[in-house]
Asks: 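My questions all concern the structure below.
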Amino acid sequence: MPYFDAASAAPLHPVARQALLAALDEGWADPARLYREGRRARLLLDAAREAAADAVGCRPDELVFTSSGTTAVHTGIAGALSGRRRVGRHLALSAVEHSSVLHAAAAHEAAGGASTEVPVGRSGAVDPAAYAGALRPDTALACLQSANHEVGTEQPVAEVAALCAEAGVPLLVDAAQSLGWGPVAGRWSLLTGSAHKWGGPAGVGLLAVRKGVRFAPQGPAGERESGRAPGFENLPAIVAAAASLRAVRDEAAAEAVRLRGLVGRIRSVVAERVGDVEVVGDPERRLPHLVTFSCLYVDGETLLHELDRHGFSVSSGSSCTSSTLEPSHVLKAMGVLSEGNVRVSLPLGTAEADVDRFLEVLPGVVAEVRERLGAPVASPPSASPAASLVVDALGRRCPIPVIELAKVIGEVPVGATVTVLADDEAARLDIPAWCEMREQEYVGEEPADRGSAYVVRRLS
């Protein structure tokens with residue numbers, strides 16, 4: 001069964017498995033002790049730290065291991081903000097950061113701090129000049145991911161880092177998605193990563209803090225990991241994480257070329273064979289193994305279940321697959337279609353035949369789901385068009401509001417409007433996206449007794 005969700009968790013690398021088993025035998029003792037078993041454990045821990053630091057591009061004494069990538073993010077943000085509290089309590093971040101960064105920002109605001117989200121364009125990347133404009137005299141910390149976890153777009157980290165350095169603001173880079181492919185360029189100040197994203201075991205994160213960055217660890221003090229990650233080190237997992245990071249880096253150059261070719265094939269073939277689809281993310285400046293596309297008139301949850309039934313494990317940022325009924329904050333910030341969203345992220349070693357079979361299966365699955373939902377095949381003009389129409393889609397989840405709009409747009413004359421009443425949060429994103437794809441005019445959103453009224457003017 002092809003597994004195409006490496007962006008969530010990559011399969012355990014064979015080197016990680018070997019290192020884990022070996023470290024279980026050799027690294028079970030307390031590395032802080034001076035007897036023979038403790039010294040052996042300390043040697044393993046020091047070697048793992050040196051290997052990880054070499055991959056990150058920092059000094060070994062600048063890097064600590066944490067219990068997860070999320071813990072690394074939270075520890076890094078809280079420590080940097082506290083260390084620079086005399087400068088101010090303002091935090092800058094992009095609108096498409098991982099939820100761990102957004103949750104840290106929300107906690108900072110709840111404690112009386114302030115934050116500014118820098119918007120992104122339709123490709124998902126920030127404009128360095130716009131990011132620099134969000135920096136203030138009281139900005140204590142800036143955050144920017146190296147590459148987006150949902151659409152694969154790489155961020156201009158080096159440019160933003162240079163601008164932050166000019167402003168005297170440290171930059172924390174969440175490198176969870178990109179670290180397995182190579183070091184992060186630029187003058188970053190703090191960096192985080194997560195082992196299960198590159199084929200290491202789950203439960204290991206890393207946090208690098210450059211010398212000279214003011215940093216005050218929060219919470220009760222600990223004696224281990226420079227006081228920044230309290231608790232007994234999971235030494236076997238740390239050894240396996242460092243070994244697998246080195247191993248995937250050795251394979252990265254060749255695999256990046258191969259997987260980029262497979263992803264390029266997915267990007268082009270999906271657009272050719274599926275129809276009414278939007279491939280999102282930057283087409284060039286992106287991770288080599290990840291592609292995301294959204295299909296009109298498709299229920300994302302059903303689509304994922306059907307692909308799973310055909311043997312493909314993929315993920316989605318669509319609100320149709322979540323319990324919150326809200327679209328992905330990443331897709332929302334980009335202003336792209338969220339319904340029927342599919343993220344394909346290929347692990348190392350993915351076979352070309354598996355990608356070919358996915359491309360053979362996908363069009364039929366999408367067509368079947370659309371037919372089941374009653375999606376329009378075309379929008380023929382009406383013999384006697386109405387001056388305007390109101391579509392009541394209240395209480396109905398995506399993609400039904402967009403399907404109902406598509407069914408009736410041909411029933412009004414050019415220049416007339418269709419008003420869609422909907423209380424699904426996804427409609428706020430998907431109806432404007434549909435208008436752009438169909439070259440119709442999105443007039444805007446108006447208040448309604450329930451939900452909102454979305455007004456669309458027919459242009460063709």
Side-chain angles (χ1 to χ4, degrees), residues 1-8 11 124 148-153 258-283 286-322 327-328 330-331 334 336-378 397-400 402-403 406 426 430 433-434 437-438:
M1 178 173 179
Y3 176 77
F4 288 171
D5 195 22
S8 292
N148 188 260
H149 50 292
E150 288 193 27
V151 301
T153 296
R258 195 179 70 86
L259 294 182
R260 191 176 292 276
L262 293 179
V263 164
R265 176 167 166 74
I266 295 173
R267 292 179 66 92
S268 60
V269 173
V270 165
E272 293 170 3
R273 296 182 184 176
V274 176
D276 289 323
V277 67
E278 183 176 14
V279 182
V280 301
D282 195 294
R286 56 178 172 81
L287 293 172
H289 70 305
L290 194 156
V291 58
T292 299
F293 54 89
S294 300
C295 306
L296 271 175
Y297 319 133
V298 170
D299 171 5
E301 185 171 4
T302 302
L303 180 57
L304 263 59
H305 283 321
E306 288 300 312
L307 287 171
D308 179 60
R309 192 169 65 83
H310 283 79
F312 295 97
S313 301
V314 298
S315 63
S316 173
S318 171
S319 62
C320 309
T321 63
S322 77
S328 148
V330 172
L331 302 178
M334 293 168 63
V336 298
L337 184 70
S338 74
E339 66 185 50
N341 177 262
V342 175
R343 181 184 70 180
V344 175
S345 48
L346 307 177
L348 300 179
T350 295
E352 183 177 352
D354 288 338
V355 172
D356 289 340
R357 190 164 71 83
F358 174 76
L359 294 173
E360 291 173 2
V361 167
L362 180 68
V365 171
V366 173
E368 180 182 334
V369 174
R370 283 174 173 167
E371 182 179 4
R372 193 181 307 169
L373 291 172
V377 178
R397 291 182 59 188
C398 72
I400 301 302
V402 178
I403 289 177
D430 289 346
W434 178 90
M437 294 176 71
R438 288 300 195 181

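Heavy-atom basis, side chains included; hydrogens, waters and symmetry copies ignored. Residue indices begin at 1 and follow the sequence shown.
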Asks: If you compare all heavy atoms of Ser313 against all heavy atoms of Asp308, which two are closest, and at what distance to 0.1 Å?
Replies: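 Between these two residues, the closest heavy atoms are OG-OD1, 4.4 Å.
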Asks: Applying side-chain hydrogen bond (donor to acceptor under 3.5 Å, both in side chains) as the test, list every pair that has at least one member in residues 342-362; sequence neighbours left out.
Replies: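 Listed once each, the pairs are Asp5-Arg343, Ser8-Arg343, Arg265-Asp356, Ser315-Arg343.
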Asks: When the ring planes of Phe358 and Phe4 are compared, do they come out parallel, tilted or perpendicular, using 30° and 60° as the limits?
Replies: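 Phe358 and Phe4: perpendicular rings.
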Asks: Do the side chains of Val298 and Glu339 get nearer than 4.5 Å, heavy atoms only?
Replies: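 No. Closest side-chain heavy atoms not under 4.5 Å.
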Asks: Could you tell me if the side chain of Val330 sits less than 4.5 Å from the side chain of His149, heavy atoms only?
Replies: yes
Asks: Would you say Ser316's side chain and Gly300's backbone share a donor-acceptor pair under 3.5 angstrom?
Replies: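 Not at all, since once roles are kept as given, no pair shorter than 3.5 Å links the two residues.
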Asks: Show your working on side-chain contact (heavy atoms from CB on, under 4.5 Å) between Arg286 and Val291 and close with a plain yes or no.
Replies: CA-CA 9 Å; Arg286 56 178 172 81; Val291 58; over 6 Å; no
Asks: What heavy-atom pair brings Arg267 and Gly281 nearest, and what distance separates the two atoms?
Replies: NH2-O, 3.8 Å
Asks: Checking Phe293 now: which residues fulfil ring pair (Phe, Tyr, Trp, His ring centres under 6.0 Å) with it, not counting sequence neighbours?
Replies: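 By the ring pair (Phe, Tyr, Trp, His ring centres under 6.0 Å) rule, Phe293 matches no residue at all.
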Asks: Does the side chain of Asn341 reach to within under 4.5 Å of the side chain of Leu303, using non-hydrogen atoms?
Replies: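 Not in contact.
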Asks: Show, in sequence, the C-alpha distance, side-chain angles and deciding distance for Leu296 and Arg370, and conclude whether the side-chain contact (heavy atoms from CB on, under 4.5 Å) test is met.
Replies: CA-CA 9 Å; Leu296 271 175; Arg370 283 174 173 167; 4.3 Å; yes
Asks: Measuring from atom CD1 of Ile266 to atom CG of Leu259, what distance do you get when rounded to the nearest 0.5 angstrom?
Replies: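 The CG atom of Leu259 is 9.5 Å from CD1 of Ile266, to the nearest 0.5 Å.
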Asks: Quick one: are Val263 and Leu290 in side-chain contact, heavy atoms under 4.5 Å?
Replies: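 Not touching, per the 4.5 Å side-chain cut-off.
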Asks: For the residue pair Tyr297 and Pro399, what are the closest heavy atoms and their distance?
Replies: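 Closest approach of Tyr297 to Pro399: C-CG, 3.6 Å.
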Asks: Any side-chain heavy-atom pair from Leu362 and His310 closer than 4.5 angstrom?
Replies: no
Asks: Examine the side chains of Thr153 and Asn148 and answer whether a donor and an acceptor come within less than 3.5 Å of each other.
Replies: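 Not at all, the side chains of Thr153 and Asn148 share no donor-acceptor pair under 3.5 Å.
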Asks: Verify side-chain contact (heavy atoms from CB on, under 4.5 Å) between Met334 and Glu150, making sure each step is shown before the conclusion.
Replies: CA-CA 11 Å; Met334 293 168 63; Glu150 288 193 27; over 6 Å; no
Asks: Taking all heavy atoms of Asp299 and all of Leu373, pick out the closest pair and write down the distance.
Replies: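 Shortest heavy-atom separation between Asp299 and Leu373 comes out as N-CD1, 3.5 Å.
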Asks: Do you know which two heavy atoms are closest between Ile403 and Ala375, and how far apart they sit?
Replies: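 Nearest pair, atom of Ile403 first, then Ala375: CG2-CA, 3.8 Å.
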